[in-house]
Amino acid sequence: MEKKVYLDNAAATPVRKEVIEEMMPFFDAEFGNPSTVYDMGSRIKAVVDVQRAKVAELIGARPEEIIFTSGGTEANNLAIKGIAFAHRKKGNHIIVAATEHHSVLNSARFFERLDYEVTFLKVDEYGLVDPQRIRELIRPETILISIAYASNEIGTIQPIAKIAEVCKDKGVFFHTDGVATVGNIPVDVKQLGVDLLSLSGIPLEAPKGTGALYFRKGLRLMPLLHGGIQESGRRGGTENVPGIVGLGKAAELTLQELPQKMRHVKVLRDKLVSGVIESIESVKLTGHPETRLPGHASFCVQAIEGEALVFMLSSEGIYVNTGSACASKALKTSPVLLAIGIPPELAQGSIVFTLDVTNTEEDIDYVLEKLPFVVGRLRSMSPLWGKKETAQASS
Ligand code: PMP
């Protein structure tokens with residue numbers, strides 16, 4: 001059998017067998033609509049509420065504070081648009097980090113076209129935001145701050161509790177995009193003090209197109225999808241019951257297994273990082289060296305194109321990503337890497353590994369065997385690498 005090493009778990013994960021099994025009855029035997037009054041429907045409504053409680057438990061929320069969505073993108077849109085529209089009378093200023101996911105950045109940019117002002121907050125060389133800087137930027141008309149808990153691209157984990165403290169102090173709503181985080185490290189919304197948090201089913205090994213938004217009880221939020229009274233009137237439309245059941249089961253399993261997963265992926269990730277740094281010259285680890293997701297490793301490799309590297313590695317059976325999973329088809333320099341001060345030529349050589357509990361030490365050995373060879377081949381064809389060697393020889 002051909003070797004296959006999958007290290008792109010931020011982009012997609014296989015749905016777990018236990019999750020699929022739990023979902024199956026809700027495609028046919030239990031197909032009722034939760035909004036109907038007869039027993040077939042009320043039974044399903046009760047099932048949906050059980051899943052709500054499971055997702056809430058995973059993040060330390062109350063069940064009534066969870067809105068099921070079609071994934072992280074919708075949750076981020078609902079958080080930003082839902083707050084910005086509902087609290088327009090209070091103000092029109094929004095702050096987001098320059099390194100946010102496109103679903104946050106583009107939602108914020110949408111409001112620039114209305115009568116809102118958006119500040120795109122700078123980050124340091126590791127991608128960290130400074131809570132003190134946020135305090136300085138808040139104005140009387142600031143209504144919302146949105147900073148991702150962790151970056152899917154460089155793995156850096158933000159000081160979310162400290163930012164939440166500033167926001168609370170200043171009376172500003174605080175949303176965090178937890179898509180890259182929930183399922184990878186423990187998250188407790190009450191301890192953090194955030195008002196809103198987005199999550200996606202993908203890192204939990206639930207189906208794609210599932211997710212949720214946590215919103216603190218009592219918060220006023222304009223729905224994105226106007227319709228019926230589903231999700232307490234905050235999201236119209238018949239619920240994706242099998243998807244919600246899958247997300248609930250995945251949340252339950254994640255809660256039980258997270259400590260073991262974190263230990264496992266961290267050992268492998270550390271081996272990968274030191275192996276890459278030792279075996280390949282002119283390679284830079286991006287993101288914070290310690291304050292980062294345990295299964296996340298990201299690098300910029302000098303004098304190569306990340307897309308070419310990803311493509312060549314896939315022909316060796318190694319599946320990784322370059323830049324953000326969602327932006328990688330756009331073939332443009334990653335805004336996250338530029339925001340942390342990586343020069344555009346180096347940012348081209350971005351490569352991102354996201355590990356899961358199913359990865360093994362042999363997987364990492366295989367990557368460490370193939371990667372230097374593939375990088376060497378690409379560099380042998382690169383005029384940029386030739387220039388570097390000539391420069392070194394003449395200095
Ligand atoms: N935010 C972050 C940080 C992400 O990594 C992603 C997925 N790439 C999203 C939001 C969007 O989530 P989804 O694909 O579930 O819409």
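In listed order, ligands and their atoms are each counted from 1.
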If the cut-off is 4.0 Å to any non-hydrogen atom of [X], which atoms of ligand 1 fall inside it?
| X | result |
| --- | --- |
| G71 | 15 (O) |
| S200 | 15 (O) |
| G72 | 12 (O), 13 (P), 15 (O), 16 (O) |
| N76 | 1 (N), 10 (C) |

Given that the side chain starts at C-beta and the backbone is N, CA, C, O, which of these parts of T73 lies under 4.0 Å from ligand 1, counting heavy atoms, or is it both or neither?
both
Heavy-atom contacts under 4.0 Å between V104 and ligand 1: side chain, backbone, both, or neither?
neither
Is it the case that the side chain of S279 and the backbone of G275 share a donor-acceptor pair, with hydrogens and angles ignored and the cut-off at 3.5 Å?
yes
Steps toward salt bridge (Lys or Arg N to Asp or Glu O under 4.0 Å) verdict (K261, E205):
CA-CA 13 Å; K261 173 181 171 179; E205 295 175 82; 5.2 Å; no
Nearest-0.5 Å distance, CG of residue L293 to CG of residue N184:
5.5 Å
Say you draw a straight line from CG of L253 to CZ of R16; how long is it, rounded to the nearest 0.5 Å?
4.5 Å
What pair of heavy atoms forms the shortest contact from T142 to K90, and how long is it?
O-NZ, 3.4 Å
Pick out which of T176, I94, V172, V129 makes a side-chain contact (heavy atoms from CB on, under 4.5 Å) with I145.
V172
Would you check whether E74 has a nitrogen or oxygen atom less than 3.5 angstrom from a nitrogen or oxygen atom of ligand 1?
no
Is there a polar contact, in the sense of an N or O pair closer than 3.5 Å, between T210 and ligand 1?
no
